[in-house]
Structures are given as C-alpha cells and as structure tokens.
Protein chains: 2
Amino acid sequence: MDGTTASSTQLLRQINSEALLRFALQEQVFTAGEAMAATGLTRATVLGVCDGLVGAGWLEEVSDGGDAGPAPKGRPARRYQLREAAGVVVGLDAGEGYLTTLVTDLRGRGLGKRRKSIDSHALGRAGRVASARELIGQALADAGCGDDDVLLTVVGVPAPVDAEGMSPEGGEFWQLMNSGFAPALPGTVIVENDANLAAIAEQAQEPSANVATLLSGERFGAGLIVDGRLLRGRQGGAGEMRFLDVFDSKLVPDEGGSDGLGALARKWARKGIHSYGGTTSLRRLPEEGIQAEDVFQAAREGDPLAGDIIDRLGARLARIAVVLSSLLDIERVVIAGGISSAIGPVLEHARSLLPTDSGLPLPSLVASTLGAEVVVQGAIESALMRIRREPMAFLPRAARS
Amino acid sequence: MDGTTASSTQLLRQINSEALLRFALQEQVFTAGEAMAATGLTRATVLGVCDGLVGAGWLEEVSDGGDAGPAPKGRPARRYQLREAAGVVVGLDAGEGYLTTLVTDLRGRGLGKRRKSIDSHALGRAGRVASARELIGQALADAGCGDDDVLLTVVGVPAPVDAEGMSPEGGEFWQLMNSGFAPALPGTVIVENDANLAAIAEQAQEPSANVATLLSGERFGAGLIVDGRLLRGRQGGAGEMRFLDVFDSKLVPDEGGSDGLGALARKWARKGIHSYGGTTSLRRLPEEGIQAEDVFQAAREGDPLAGDIIDRLGARLARIAVVLSSLLDIERVVIAGGISSAIGPVLEHARSLLPTDSGLPLPSLVASTLGAEVVVQGAIESALMRIRREPMAFLPRAARS
DNA sequence: GGACCTAAATATAAGATCCAAATAAATTCT
DNA sequence: AGAATTTATTTGGATCTTATATTTAGGTCC
C-alpha cells in the first residue's frame, strides 16, 4: 500500500508489531505479561517485538521502580512505555475569524495551546496558512519540541472536505477556508471538515454509534456518525444543512440556509426590534450591537421577543432532530460550539416539540460540554485515532544511532 | 474472531488463502501464473495454497483443454477453477404479498428461481417461514442441489433490520415481516432490509460510492450508500422516509408518511375522482379498482387528473432528492421496484423542479432497470459480497474423505 | 546470612511459512 | 529429433512463531 512493500515473510512481524503498538498507545506502562494477554502472543515473541519497537524509537524500557504494585512475587517484569519523545500530534481549528491550535503527546495529554483572532478575508489563503504556521510554531515551542517531532497535524476548516482533503471548486468561501495547509504545516497533514471533527470529539467523550453533532455558531454544519463511522459524501458535503429552507419555501433556498443558531439569533433579533409589536429590552441596544449572547441573556430575564426567538430556534432544531432521527436512525443529537453553554432553553423547547407517537425512539438532544474547543479536541482525537489505526505509517523520530 | 482461533504461525497462510480465494471467486478459470500476478506471491506458494484450497473443497483442477487460448508455447499451465459443487447461495425477497427466491452459484449465475403470492396477514409469522422454506426447497430442487449445498441465505424484508437481523420490537407489522427466518432456512441466514438489498443490487450494476435507492412500490424505503458503505442505524431505521410529512404538517406525521409512489398514485386517484373538478378518464373505473398502473397509463394518454398526480409525485420525489443530496451528498437517486418501468414522467417532472443554483451538484434521478427483481438480485449480490469478504468463514461442502 | 519460592527472562529446539534458485517436465516450433 | 519456452517441482536458506527447558532476579522465611 504505502511505503516499501514488505516481503510476505515479514508481514507477520509487522502485524504483530502494530497490534502491540496499538496496545501500547492505550496503556501508560506495561509488562510483557500484559502485552501477552492483550495480543495472544508468546512471551518470547512479545519481547522480540518490543525489542524491535524500542529500536525503531516507538517504545522505551522503564527501569526506575516508581511503582505501587501489590507486592510482586517473582522476578520483576521488564516494563515498557511509549517513548515520550516518539512524537506529538497537532490539532488546528482554522475557523473564519480565529485560529486555535493544540499540541499533545501520543496519549492526548496537552502540551501547548494557542489561540489567535484573524481576518480571513483580509489575509487570503496564503495569509491564513502563514498565520497557522506561526501559531503552531509557538504552540510547539510551548511544548518544547520542534517541527520534526510532529507525526500528524489535523486541520479543521468550515467547508466540505472530501476524502483527499479538497473542497468543492465552486465555493469561493470554501476555497478560502480550506487554504491549502498541507505543504506548510509540520508532519503529515490531514484536512477535515470542522463539524466532522466536533463529532469525533463528542463521540470520544461519550461513545455511541449513531450521533449527529451540530456545530452551530456562525454557520451550521453537522458531523454525522452512523454505524460508528463518519459520513463524508463524495465531495465532503454530508452534513450540510441546506435542506432546511428548501422545505420551508418549496425548493427555493432562501437566506439563512446555512446560518448557525448563533447567527440566526442575532439576525432575527436585529430584524425583530423593528417588526415586533410588544416591548423588548433588546431595543436598548444599538441594532448593530446586538449579539447572540444578548438574546439568550434577555430570554433568561423573561423578554418576550427573545423568548419568541428561542422558540423559533427550538422549532428549527426539532425539525433537524426529526429528520436526522427518521432518515438516519440517529439516537443522539449534540449541539456543540461556542454557544453550547447557553443553548439550554432552546433544547427544552425543541424537546417539547418532538412527536411522541413515532415508531422509532426519539433522539436525545444534549448540549456539548466541550465548549469552544470541540473542533481542536476533535482534531487531536482524530489524529490519535489515525495513528492507532495504522501506527507503522507514522515513523517516530529516529532513535539514536 | 469466529471459528477456531488460528495460531499466529498459520495466520499468514490463511491470509494468503483468502486473497487467492477472493481472486478465484472473480475469475472463471485461472492459472498459477495469473494468481501470482494477482496476489504477488511466488509460484511455489501459490501452488501450495491452491493445493490446500483443493483439499478444502473450494477449488478443483480443470484438466480438459477446452480452451481457445492464443497458442501457448511452453509447458501447459495447471488451471484451477472454483469447484462447482462448492456451494450455492440463496436470495429471498420476503415481501408482504409475495415471495421470490433465486438460487445461484458462487459467481451469481442463476440456477433456480421461484415466485409465489402469499397473504402474510393470514399466514402469520410461522406461515411465512414455512412458505419460504417450501419455495426455497423447490428452487433448490430446480437447481439440482439440496440444503447442504447452501452456504448462505440472504432474506430481504420490508422492515427496519438492525445489525443482528432483528426489527424494532414496537412494530407489529415489522415483526410479522421479519418472521424469524434464521432457524428454518438453509445455510447461514442473514436478514436485511429490502431497500438496502435493492441498493446493493443497484450499486453492483453501476458502481458509485454515494447512491440512494428508493424502493417504491407499496411502501417507501430507501437504501442509502454513503462513502461506499450501506447505512443501517442502531435499529436499522436508516432510510426510513417518515420525515417527509413531518415537514408538510409541522412535526405531526399524517397518513401517507411511509407510502410508496405506487400506493400514493392509487390513493390520490381514488380520492381525486371525487374532488377533482374537470373530466378524467379515471372515473370510468370503479373506485376500488383503480390501480397505480391505471394512473400512469391515463397520464400517458393526457388525462389531466392523472397528470396532476404525476406532478405531485414528482414534487415529492424532488424533495427527497434535495434532502438526500444536501444532507448526505448523494450523487445518484435510483427509483427501483415494480413501478420503476413506468416512472419516467415522474422523474422528468422531478428533475424540472430541482434548484439550479445550489452550491453542490444536483443528484441524477434515474429509474432502475432491474424491475421487480431488485431485491432478490440484491440479496444474491449481498451474499456474494459477504462470501468474498471472508470466504473462509463459509466452509464449502467437504470434499471427499 | 542462607535456603527456598516465584514469576519472569533467556536459551534451545522444533515447526511452519515463504522466497530464491536450481532442476525437471511438458509442449511447441524448427 | 532437437531447440526453445514456459511451467512444475525440488531444495536450501531465512524469518518468525511456539513449546520446553534453563537461568535469573528478586522476595520470604528460618
């Protein structure tokens, strides 16, 4: 497949090495005996494979007895662990108005994090890439390592992304967001849709084979996991939410089709202060100053216009949930992104609208607990999954000699 | 995983055997040299593996030189082929009003076919199973083999089916359709949703990684293939079409939610002859005698009411296409089932309704060419795919001694 | 401190598999 | 009949795994 085609005689060794490495990636420190139980191989084989992995720089033998074990009886076991210096992974959330990056070791422990606001439209593609490059450099410096240590970088962008990491050619905005990061960032680079990464993060938090994660700040995008697998679609368009308004207005998409809940709250509030009949506290703010936060805040204080908007958002969400549940048998819908903390009332209203007599069980509607970091967390999780799946494809920094 | 856990030393042999067998399942008759090219193994190894497969009853050496090859020069190659008597697969379309079964060899060549009308509600679960048992027995007799020859039986039922072959407990109709075939039918038995099987059949006809196949006779069900994989959902509910009317009537599903295009044409026609203002040839038929065929026929002759119905069906289809395209990035929508031959005008109208300014390309709408046999064909194809994926899991009838 | 116990590491032998190269066989062409 | 050609078979070597026996490193008990 990739790299040198191993001779068939060495294939077995490689299979066993991968299995052992997969095990090592989940354990802190392990003995040969534990590895024997996990892989089903003999002690001699396990030790041989470990030897090879130490030589390749993946593992290191740990000698100091910092152990509180239950009084081991016989000869003490040799213990191995993943070599700290084997490498790190980088996650990057390359949003429209900000960049967030996170560097972790191979077990997902954070080593460095950076965030920066950007103006993508002023920067252009090249500018976005350069900014990302710089930010990652800083985060790597925080983590005390360099470009060569990065095994894999996963980038989340707000655009459909196909299996090759490309976005549809028609979309100018999409092309701007998916700025061609691959050549400039360290290690192997994988570009993925941001909502898809959010879905991976949510699934890692609470495993479930059929979840939809709605990344719902400015734009609306869904990461769909069905039968435990992320859906992509030919051009990466799976999870786009354009269909919503297609229904409202008879196949003609109107404005708002891809707006997220946050953007909608803002838009409806700015429009509502003109058209709404009753009194509303939102009029105290200048029209251009109204943000989604203000609407949620006003609703909590009982403002009627804000309450209406909450209800409309809830109805919208309920529709989405029904479609996802009906068409894909989704069992859990997670609202993620920056506004997930304030979304409670919307969820409540949406739940009340769900039909009760439908044949199949209703999906549960929940808010994400990961806040604004879903995408970066998902990027890291995605990177780690990838490395776990085929560890040998990502060579660690060569050991000495 | 299944069966005897092979010792690790034998794993390599097994891998190579499976690879060779997969190759053999696609070829008519092959030489060791061809197998070498396909698997990348040495001649000695290939012959050794072939030896083992002959011993296991999978392959047989073909000696008679019924070959029109281009005058081979050197020593003639030994040629192998899949043993005809290795086994057969059975497909069963267990619909509500009929049973269809097809027996084929391991390359999908038909050996026997039977069809029978049934009254499922009168028969009950046990009666359905018994009828299926009998019909399959007849088809096997036509094919000249018995129960022991069946490696795998795939059953399609009009109900959601989860990964274990079970349907949701709530649905009485579903439980009746998914009648518990497994213990009574020959070979390993797999139960699957009928629309999913139709999707597999369509994809086998014209490969495409993202297709939706609407099985649209009496009931509406979709088989969804995204990223080359069939979607199932936790309870097998992926592809249910209840969401349609949820939109029309504000989250309250009304009648017709799961009716197929055929059923809708009939219902609308029977209702329409009362409410419609103009003249229509459909009134010449008794209300209870109007069938979907009559509506399509009348439309071809220019009847206005029938034309209206066609348009409404087209609009419905267009909605479905837009949702599938938008939410799942589906590139092709196939209408399959008994009415697929008459569906042309509906497709035309639906195409005209598709929006043209949407960001992503529109799905193509096509009619299936497999007619009423889609489900059975898909069942066979599904069985063959399964056997190709893990051939060794299905032992062939033991060879002599 | 020394005898004993235990579980792990090492060493050794054996089995299975594959590859590479040499040898033998079967067929066509001259 | 003999050369050429292609394939089958045999043989030796290398790799990797397993199974068994032996050694080793610690602890415990007296």
Side-chain angles (χ1 to χ4, degrees), chain A residues 4-21 29-56 59-81 392, chain B residues 4-21 29-56 59-81 392:
Chain A
T4 53
T5 301
S7 153
S8 186
T9 49
Q10 293 161 299
L11 183 60
L12 200 46
R13 221 324 150 42
Q14 189 180 330
I15 290 173
N16 287 338
S17 293
E18 291 212 355
L20 185 47
L21 199 41
V29 49
F30 64 94
T31 68
E34 290 161 2
M36 286 166 62
T39 62
L41 299 171
T42 314
R43 162 164 273 110
T45 308
V46 166
L47 289 173
V49 170
C50 283
D51 226 38
L53 290 174
V54 168
L59 298 182
E60 62 188 1
E61 191 168 352
V62 45
S63 48
D64 67 328
D67 189 18
K73 263 184 180 173
R75 172 174 178 169
R78 290 170 69 172
R79 289 176 309 161
Y80 297 90
Q81 68 180 10
M392 308 301 268
Chain B
T4 53
T5 301
S7 151
S8 184
T9 50
Q10 294 159 297
L11 182 60
L12 201 47
R13 219 334 152 32
Q14 188 180 330
I15 290 174
N16 287 338
S17 293
E18 291 212 355
L20 185 47
L21 199 40
V29 49
F30 63 95
T31 69
E34 291 162 0
M36 286 166 63
T39 62
L41 298 170
T42 314
R43 162 165 272 110
T45 308
V46 166
L47 289 173
V49 171
C50 283
D51 226 38
L53 290 175
V54 168
L59 299 181
E60 61 189 0
E61 192 166 351
V62 44
S63 47
D64 68 328
D67 189 18
K73 258 185 183 173
R75 170 172 180 171
R78 291 171 67 173
R79 290 176 308 161
Y80 297 91
Q81 68 180 12
M392 309 302 267

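Here is the naming used below: chain letters follow the sequence lines, and residue numbers restart at 1 for every chain. In this text the structure is predicted, and so the values were computed from the model without any measurement. Computed over heavy atoms, backbone and side chain alike; hydrogens, waters and symmetry mates excluded.
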Going from [atom1] on [X] to [atom2] on [Y], what distance comes out if it is rounded to the nearest 0.5 angstrom?
X        : Y        : atom1 : atom2 : answer
Leu20(B) : Leu59(B) : CG    : CG    : 6.5 Å
Asn16(B) : Leu12(B) : CG    : CG    : 5.0 Å
Phe30(B) : Gln81(B) : CZ    : CD    : 9.0 Å

Name the pairs: protein N/O against N/O of nucleotides 24-26 of chain C, kept only if under 3.5 Å.
{"from": "dA25(C)", "atom 1": "N3", "to": "Arg75(B)", "atom 2": "NH1", "distance (Å)": "3.4"}
{"from": "dA26(C)", "atom 1": "N3", "to": "Arg75(B)", "atom 2": "N", "distance (Å)": "3.4"}

Quick check on contacts: within residues 36-46 of chain A, what sits under 4.0 Å from DNA chain C by heavy-atom distance?
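Within this stretch, Arg43(A) sit under 4.0 Å of the strand.
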
Could you tell me how far apart [X] ([atom1]) and [N] ([atom2]) are, to the nearest whole angstrom?
X        : N       : atom1 : atom2 : value
Arg78(B) : dT6(D)  : CZ    : P     : 20 Å
Ile15(B) : dA16(C) : CD1   : C1'   : 14 Å
Glu61(A) : dA25(D) : CD    : P     : 13 Å
Gln14(A) : dT15(D) : CD    : P     : 16 Å
Leu47(B) : dA8(D)  : CG    : P     : 6 Å
Leu11(A) : dA16(C) : CG    : C1'   : 15 Å
Leu12(B) : dT18(D) : CG    : C1'   : 15 Å
Arg13(B) : dC18(C) : CZ    : C1'   : 9 Å

With sequence neighbours left out, what residues match Glu61(A) under salt bridge (Lys or Arg N to Asp or Glu O under 4.0 Å)?
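Applying salt bridge (Lys or Arg N to Asp or Glu O under 4.0 Å) to Glu61(A) gives Arg78(A).
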
Which residue pairs satisfy the salt bridge (charged side-chain N to carboxylate O under 4.0 Å, His left out) criterion with at least one member in residues 7-21 of chain B, sequence neighbours excluded?
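The answer is Glu18(B)-Arg22(B).
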
When you measure from the side chain of Ala77(B), which nucleotide among dT18(D), dA8(D), dA9(C) comes out closest?
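Nearest to the side-chain atoms of Ala77(B), counting from C-beta on, is dA8(D).
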
OP1, OP2 of dT17(D) versus side-chain N and O of Asn16(A): anything below 4.0 Å?
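Yes, Asn16(A) has a side-chain N/O under 4.0 Å of OP1/OP2 on dT17(D).
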
Counting only pairs under 3.5 Å, give me each side-chain donor-acceptor contact of residues 33-55 of chain A, with atom names and distances, residues two or more places apart or in other chains.
{"from": "Glu34(A)", "atom 1": "OE1", "to": "Thr31(A)", "atom 2": "N", "distance (Å)": "3.2"}
{"from": "Thr39(A)", "atom 1": "OG1", "to": "Ala35(A)", "atom 2": "O", "distance (Å)": "2.8"}
{"from": "Thr39(A)", "atom 1": "OG1", "to": "Leu41(A)", "atom 2": "N", "distance (Å)": "3.4"}

